[in-house]
Student: 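One structure, as C-alpha cells, below. Some questions next.
All of these numbers come straight from a predicted model, not from anything done at the bench. All chains are named by letter (A, B, ...) in the order of the sequence lines, taking the proteins before the strands, and each is independently numbered beginning at 1.
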Number of protein chains: 2
Amino acid sequence: MRYERKIPIPIECGLHLTKEVLGGKWKMSLINAIHAGIKRPARIEQAFPTLTKRVLSRQLKELEAHGIISKEIFPQLPPKVEYSLTPLGASLLPIIDMMDNWGNENRSFLEKVIEETRLMVEIGNHAH
Amino acid sequence: MRYERKIPIPIECGLHLTKEVLGGKWKMSLINAIHAGIKRPARIEQAFPTLTKRVLSRQLKELEAHGIISKEIFPQLPPKVEYSLTPLGASLLPIIDMMDNWGNENRSFLEKVIEETRLMVEIGNHAH
DNA sequence: ACCTATAGGGACAATTTTATCCCTATATCC
DNA sequence: GGATATAGGGATAAAATTGTCCCTATAGGT
C-alpha cells in the first residue's frame with residue numbers, strides 16, 4: 001500500500017501498467033486460485049500457508065480496485081464472500097500460464113542461479 | 001539487492017521463479033531494449049531517462065547472473081561492453097510481449113483505476 | 001593540464017512493500 | 001457463558017527494493 005507515492009510509475013510503457021497490476025507478491029497466484037474455484041478468503045488462506053490474512057486482504061482489495069476480480073457478498077453471518085475473475089482478469093490467464101510454465105520448465109536451472117545470485121549479492125549490500 | 005534474505009521466496013510454484021527473474025523494476029524493459037539492439041549500458045541509460053546508472057548496473061548484473069543476458073567485454077579504453085540475450089532470455093520475449101500488449105490494450109482503463117486505487121489506499125496506510 | 005566518455009561499484013538514504021499483532025462484529029454450537 | 005468461524009482493517013515493525021552521491025581507472029581530444 002502507499003501513501004502519496006513519491007516516485008511515479010513509468011506508465012508510458014504497457015509493461016509497467018501490467019506490472020502494476022500483477023506485481024504484488026501473491027497476485028498472480030490469487031488469480032490462479034480464484035480461477036481454479038478457490039473463491040473464499042478463508043479457503044485461499046488455507047491454500048497458501050505462508051500468506052497471512054492481512055496481506056491477503058490487501059492484495060484482494062487491490063485486485064478488485066484494479067478491476068481484475070469482483071466480489072460477491074452474501075448477506076449471512078458469519079460473513080460469506082466469494083471472489084471471481086472479471087473478463088479483464090480472465091484475460092490475464094494466458095500470461096500467468098506462460099509465466100508458470102516458463103518457471104517450471106526451467107526450474108532446476110533457475111533454483112540454482114537464484115541461489116547463486118543471492119550469495120553473490122549478499123556481499124554487495126547491507127541492511128541497516 | 002539483498003543481504004541474507006530473511007523471508008524465503010516461495011519457489012514451489014513456477015510463477016514465483018519467473019517473478020524472481022522478471023520482477024525487478026526495469027528488467028523486462030531491459031530485455032526488450034537489448035533485444036531491440038540497444039546493447040551498451042550508456043545507450044540503455046539514454047533510452048530510459050529515469051533509470052540511473054547505478055540501478056542499471058545492478059539490474060544488468062542480476063539478469064546476467066540469472067542467465068538471461070550475457071556480457072561481452074571488448075578490451076578497449078574507454079571500456080566497451082555489449083549485452084545480448086541468451087537463449088533462455090530470448091525465451092522470455094513472448095511473455096514480455098504479451099504483458100506489453102495487455103497493458104497497452106487496456107491502457108485507458110488501467111491508468112484510471114491505478115490512479116483511483118492509489119487515492120483509495122492513501123488513506124489506509126502511512127509512511128513512517 | 002584538463003575535460004570527456006566509458007563501465008562499475010561502495011556506502012548509505014529514501015521509498016515501497018510485506019509481515020505482525022490485535023481488534024470488531026455476530027450467528028451457531030457445546 | 002464461552003469457543004468457533006468468518007471477513008476486514010488500524011497501527012506499526014520489518015524487510016526488500018530503488019535511488020543518490022561519489023569514487024576508480026584510462027585513452028584520446030583540445
Student: State, to 0.1 Å, how close A:A90 and A:P94 come at their nearest heavy-atom pair, and which atoms those are.
Tutor: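 Smallest interatomic distance, heavy atoms only, reads O-CD, 3.7 Å.
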
Student: In whole Å, I'd like the distance from the CZ atom of A:R5 to the P atom of C:dT15.
Tutor: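 Rounded to the whole Å, the gap is 12 Å.
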
Student: So, is B:K25 near the phosphate of D:dT18, with a side-chain N or O under 4.0 Å from OP1 or OP2?
Tutor: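 So the side chain of B:K25 is outside the cut-off, no N or O lying under 4.0 Å from OP1 or OP2 of D:dT18.
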
Student: To the nearest Å, give me how far apart CD (B:E20) and C1' (D:dA16) are.
Tutor: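 B:E20 atom CD is separated from D:dA16 atom C1' by 11 Å.
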
Student: Would you sort out whether A:I31 and A:L22 count as a side-chain contact (heavy atoms from CB on, under 4.5 Å), showing the intermediate values?
Tutor: CA-CA 9 Å; A:I31 293 171; A:L22 287 183; 3.6 Å; yes

Student: So if I take every side-chain heavy atom of B:A42 and compare against C:dA7, D:dA7, D:dG9, which nucleotide ends up nearest?
Tutor: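 When the side chain of B:A42 is considered, C:dA7 is the closest of C:dA7, D:dA7, D:dG9.
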
Student: Pairs counted only when both distances fall under 3.5 Å, Watson-Crick or G-U: show me the 5' to 3' dot-bracket for DNA chain C, [ ] for pseudoknotted crossings and | for other-strand partners.
Tutor: ||||||||||||||||||||||||||||||

Student: Could you tell me whether A:E62 and A:K27 have a side-chain N and a carboxylate O separated by less than 4.0 Å?
Tutor: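 Judged by the 4.0 Å cut-off on N to carboxylate O distance, A:E62 and A:K27 do form a salt bridge.
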
Student: Just the rounded figure in Å: distance from P of C:dT17 to CG of A:L51.
Tutor: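 Rounding to the nearest Å, CG of A:L51 and P of C:dT17 are 17 Å apart.
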
Student: Could you state the atom-to-atom distance from NZ of A:K61 to C1' of D:dG10 in whole Å?
Tutor: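 Checked: the NZ to C1' distance equals 11 Å.
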
Student: Does any part of the side chain of B:T50, heavy atoms only, come nearer than 4.5 Å to the side chain of B:W26, both counted from C-beta?
Tutor: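 A side-chain contact under 4.5 Å exists here.
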
Student: Per the side-chain contact (heavy atoms from CB on, under 4.5 Å) rule, which among A:I38, A:I96, A:L85 passes with A:N32?
Tutor: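 Testing each of A:I38, A:I96, A:L85 against A:N32, the sole residue satisfying side-chain contact (heavy atoms from CB on, under 4.5 Å) is A:I96.
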
Student: Under 4.0 Å, counting only non-hydrogen atoms across every strand here, what does B:E45 touch: a base, just sugar-phosphate, or nothing?
Tutor: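 Nothing, no nucleic acid heavy atom in range.
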
Student: Side-chain N or O of A:S57 versus OP1/OP2 of D:dA7: is the shortest distance under 4.0 Å?
Tutor: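 The answer is no; no side-chain N or O of A:S57 sits under 4.0 Å from OP1 or OP2.
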
Student: Assuming nearest nucleotide by heavy-atom distance, tell me which of A:T52 and A:P8 is located more 5' along DNA chain C.
Tutor: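 Taking each residue's closest nucleotide, the earlier one in sequence belongs to A:P8.
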
Student: For A:K71 and D:dG8, what is the distance between atoms NZ and C1' respectively, to the nearest whole Å?
Tutor: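 Computing the A:K71:NZ to D:dG8:C1' distance gives 7 Å.
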
Student: Counting only side-chain N and O atoms of B:R43, is one of them less than 4.0 Å from OP1 or OP2 of C:dT6?
Tutor: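 Yes.
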
Student: Using the closest heavy atom to pick a nucleotide of DNA chain D for each, name whichever of A:L60 or B:G23 lands nearer the 5' end.
Tutor: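 Checking each residue's closest nucleotide, the 5'-ward one belongs to A:L60.
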
Student: Figure out the CZ/C1' separation between A:F74 and C:dT26, and round it to whole Å.
Tutor: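 Taking atom C1' of C:dT26 as the reference, CZ of A:F74 is at 19 Å.
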
Student: Can you tell me whether the side chain of B:R58 and the base of C:dG8 have a donor-acceptor pair closer than 3.5 Å?
Tutor: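 It does not, because no donor-acceptor pair links the side chain of B:R58 to the base of C:dG8 below 3.5 Å.
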
Student: So what does A:Y83 hit on the nucleic acid, given a heavy-atom distance under 4.0 Å: a base, only sugar-phosphate, or nothing?
Tutor: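 It contacts sugar-phosphate atoms only.
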
Student: Indicate, with a heavy-atom threshold strictly under 4.0 Å, whether A:V55 touches base, sugar-phosphate, or nothing.
Tutor: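 If one applies the 4.0 Å heavy-atom cut-off, A:V55 turns out to touch a base.
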
Student: Counting side-chain heavy atoms from CB outward, which of D:dG19, C:dG10, C:dT6 is closest to B:R40?
Tutor: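 Ranking D:dG19, C:dG10, C:dT6 by closest atom to the B:R40 side chain puts C:dT6 first.
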
Student: Is there a side-chain contact between A:L88 and B:W102 (heavy atoms, below 4.5 Å)?
Tutor: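 In contact.
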
Student: In whole Å, I'd like the distance from the CD atom of B:Q76 to the P atom of D:dT26.
Tutor: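 So the two atoms are 16 Å apart, to the nearest Å.
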
Student: Can you tell me which residue among A:I69, A:I68, A:L51 is in a side-chain contact (heavy atoms from CB on, under 4.5 Å) with A:L30?
Tutor: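 The passing option is A:L51.
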
Student: Where the side chain of B:L77 is defined as all heavy atoms beyond and including C-beta, which of D:dT26, C:dG8, D:dC21 is the nearest nucleotide?
Tutor: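 Selected nucleotide (nearest to the side chain): D:dT26.
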
Student: How close or far is atom P of D:dA14 from atom CD1 of B:I7, stated in whole angstroms?
Tutor: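 Answer to the nearest Å: 12 Å.
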
Student: As an exercise, state the distance from CD of B:E72 to NZ of B:K80, rounded to the nearest 0.5 Å.
Tutor: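 One finds 8.5 Å between CD of B:E72 and NZ of B:K80.
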
Student: Among D:dA16, C:dA7, D:dA5, which is the nearest nucleotide to the side chain of A:P78?
Tutor: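 Nucleotide nearest to A:P78's side chain: D:dA5.
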
